[in-house]
Amino acid sequence: MHIMEGFLPVEHAIGWSLASLPFVAWGLRSVRRRLREQPEQRMLLGVAAAFSFVLSALKLPSLTGSSSHPTGVGLGALLFGPLAMVPVGFVVLLFQALLLAHGGLSTLGANLFSMAVVGPFVAAGLFRLGRRCGLPLAGCVFIAAALGDLATYLTTSIQLAWAFPDPAGGFIASLAKFGGIFAITQIPLAISEGLLTVLVVNTLARFNPEELKGLALFARRGARV
Amino acid sequence: MLIEQAAYGNRWRQVCPQAKACFALAGLVAAFVAVSPGAALRVAVLSCMVSCLGAGVPGGLYLRLAAPASGFLALSCLSLSVAVDSDFTWRWAPDALPEMAALAGRSLAALAALLGLVLTTPLTDLIGLLRRLRCPEVLLDLMVLCYRMLFVFSQAVHDTRTAQQARLGDVTTRHGLRSLGRLAAHLAVQVWQRGHALHLAALARNGDGALRFLAPDFAHAGRDTAVAALAGCLLIALARWTV
């Protein structure tokens with residue numbers, strides 16, 4: 001769920017942009033270091049950005065019977081790492097605003113924080129935690145993708161609730177309102193996206209195990225892929 | 001992509017991107033400084049008319065592109081129209097109407113400013129503008145490669161979906177989800193294959209650094225930017241000083 005152009009008050013739009021800035025700088029620094037060590041990654045990251053953009057435009061059948069679009073947050077974090085997802089996410093969100101009018105320029109910082117910072121870091125962290133606890137790969141991937149997705153929408157709800165607190169109940173009541181309305185669509189979508197990500201990783205493990213073992217998050221326990 | 005088609009086919013294709021970005025920025029500022037919902041709505045209507053009548057963007061296309069954002073706005077206004085008491089009971093909040101009106105006016109004016117820019121300016125021109133504004137090279141390279149590759153991937157998605165549908169890959173929801181998973185996995189593998197192929201192609205041409213491009217020349221860039229700046233100032237004045 002992208003926050004549309006002009007929706008946030010100006011102080012919130014600037015505040016979320018400032019909050020995202022250190023993560024963008026950190027992500028860019030990490031990408032520059034990666035490019036110095038492995039120059040071929042320059043092309044790979046550009047192609048990864050296009051992959052994320054196209055993935056977010058696919059129609060995903062939702063459990064409620066309707067269809068929606070996957071965020072690709074969990075899959076991107078698992079394939080390319082959460083730090084690389086910050087600049088990649090920046091480019092994808094900018095392109096979504098400029099090519100599809102989804103999101104916007106004034107809300108780019110807020111959308112970046114929820115979709116390219118919180119979502120990927122939650123997904124990668126949960127995946128690592130699950131693997132450390134010895135959970136099966138499919139379970140770790142499902143939890144990472146579904147909860148990464150939910151974390152994204154929870155962050156968006158927090159951003160909206162903070163910007164528009166309820167006159168009677170304040171921030172908490174507003175969070176319940178926005179969270180409640182978006183949960184109707186987002187919980188089934190998160191489950192669908194979790195299942196989709198498991199299918200993607202299973203297909204990769206079956207037909208392209210070498211590519212999967214080459215990824216940082218999967219390499220730690222490569223033998224069990 | 002409908003926006004790209006309009007961006008290449010409108011009457012202002014040859015107007016320099018700085019001028020259009022300047023006017024869009026003014027539209028965005030006007031949306032935020034508008035004194036009343038009515039003033040913000042006037043800014044939205046004016047920006048829309050400039051795009052449709054000035055640049056010749058088809059009205060139907062404009063409305064189609066504005067629809068998803070308007071849906072988000074309607075849903076969010078709906079949540080603002082109810083109040084939750086301390087015991088978590090819900091009730092209508094008629095006193096939230098002024099806030100809803102201000103929010104709707106501001107969002108529509110900002111959306112019109114964004115659409116005015118993207119429907120008249122191809123993305124390649126905007127990337128060129130970002131290069132002139134000294135955006136980091138790494139981000140520019142990502143943008144250039146992403147822009148090039150997304151058409152390649154879109155074609156791959158189209159071909160694979162056609163093949164899957166021809167083999168009843170969407171016959172049930174379960175089949176549909178499995179087909180989509182295979183499609184995404186197939187695309188993910190292409191990321192490495194195409195990335196490697198592009199790297200080899202760049203090495204074969206001694207390309208081992210940032211990607212360089214020739215910037216197109218726009219006639220009357222100074223004049224166009226001055227006109228856009230003046231029009232933008234008028235738009236801000238309209239939003240700020242008329243109720």
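Sequence lines set the chain letters: A, B, ... in the order given, protein chains first and strands last, and positions in each chain run from 1. Please read all numbers here as calculations on a predicted model, not as lab measurements.
- Aromatic ring orientation, B:Phe151 versus B:Tyr147: perpendicular (interplanar angle above 60°, classes split at 30° and 60°).
- Contact of B:Leu203 with chain A is not made at all, since no heavy-atom distance falls under 4.5 Å.
- Distance alone, capped at 3.5 Å, is enough to place a donor-acceptor pair between the A:Ser20 side chain and the A:Gly109 backbone.
- Contact tally against chain A (heavy-atom pairs below 4.5 Å) for B:Val157, B:Leu2, B:Val82: the top residue is B:Val82.
- Using cut-offs of 30° and 60° for the angle between ring planes, the A:His102 and A:His2 rings count as tilted.
- Only the side chain of A:Leu28 comes within contact range of chain B, with heavy atoms under 4.5 Å apart.
- Atom CZ of B:Arg194 sits in a crowded spot, with more than 12 heavy atoms from other residues, nucleotides or ligands closer than 6.0 Å.
- Per-residue counts of heavy-atom pairs under 4.5 Å with chain A were compared for B:Met149, B:His196, B:Arg148; the largest is that of B:Met149.
- Residue with the most contacts toward chain A among B:Ser107, B:Ala197, B:Ala185: B:Ser107 (heavy-atom pairs, distance under 4.5 Å).
- Contacts with chain A were tallied for B:Ala24, B:Ser76, B:Ala7, B:Pro122; B:Ser76 has the most, counting heavy-atom pairs under 4.5 Å.
- Of the atoms belonging to B:Leu187, heavy atoms from both backbone and side chain fall under 4.5 Å from chain A.
- The contact between B:Leu123 and chain A is made entirely by side chain atoms (from C-beta outward), counting heavy-atom distances below 4.5 Å.
- With a 4.5 angstrom heavy-atom cutoff, B:Leu183 touches chain A only via side-chain atoms.
- The two atoms that bring A:Ala77 and A:Ala123 nearest to each other are CB-CB, 4.3 Å, heavy atoms only.
- For the side chain to side chain donor-acceptor pair (under 3.5 Å) criterion with B:Asp170, the lone passing option out of B:Arg161, B:Arg178, B:Gln164 is B:Arg161.
- Contact tally against chain A (heavy-atom pairs below 4.5 Å) for B:Leu115, B:Leu117, B:Leu80: the top residue is B:Leu80.
- For residues 59-68 of chain B, a heavy-atom distance under 4.5 Å to chain A picks out B:Leu65, B:Pro68, given by residue number.
- Looking at B:Ala69, the atoms closer than 4.5 Å to chain A (heavy atoms on both sides) sit in the backbone and in the side chain alike.
- Under 4.0 Å is where a charged nitrogen must lie from a carboxylate oxygen, and between B:Lys20 and B:Asp125 no such pair does.
- Note on A:Phe95, A:Phe164, A:Phe178: by heavy-atom pairs under 4.5 Å with chain B, the leading option is A:Phe95.
- For B:Val191, the parts lying under 4.5 angstrom from a heavy atom of chain A are both the backbone and the side chain.
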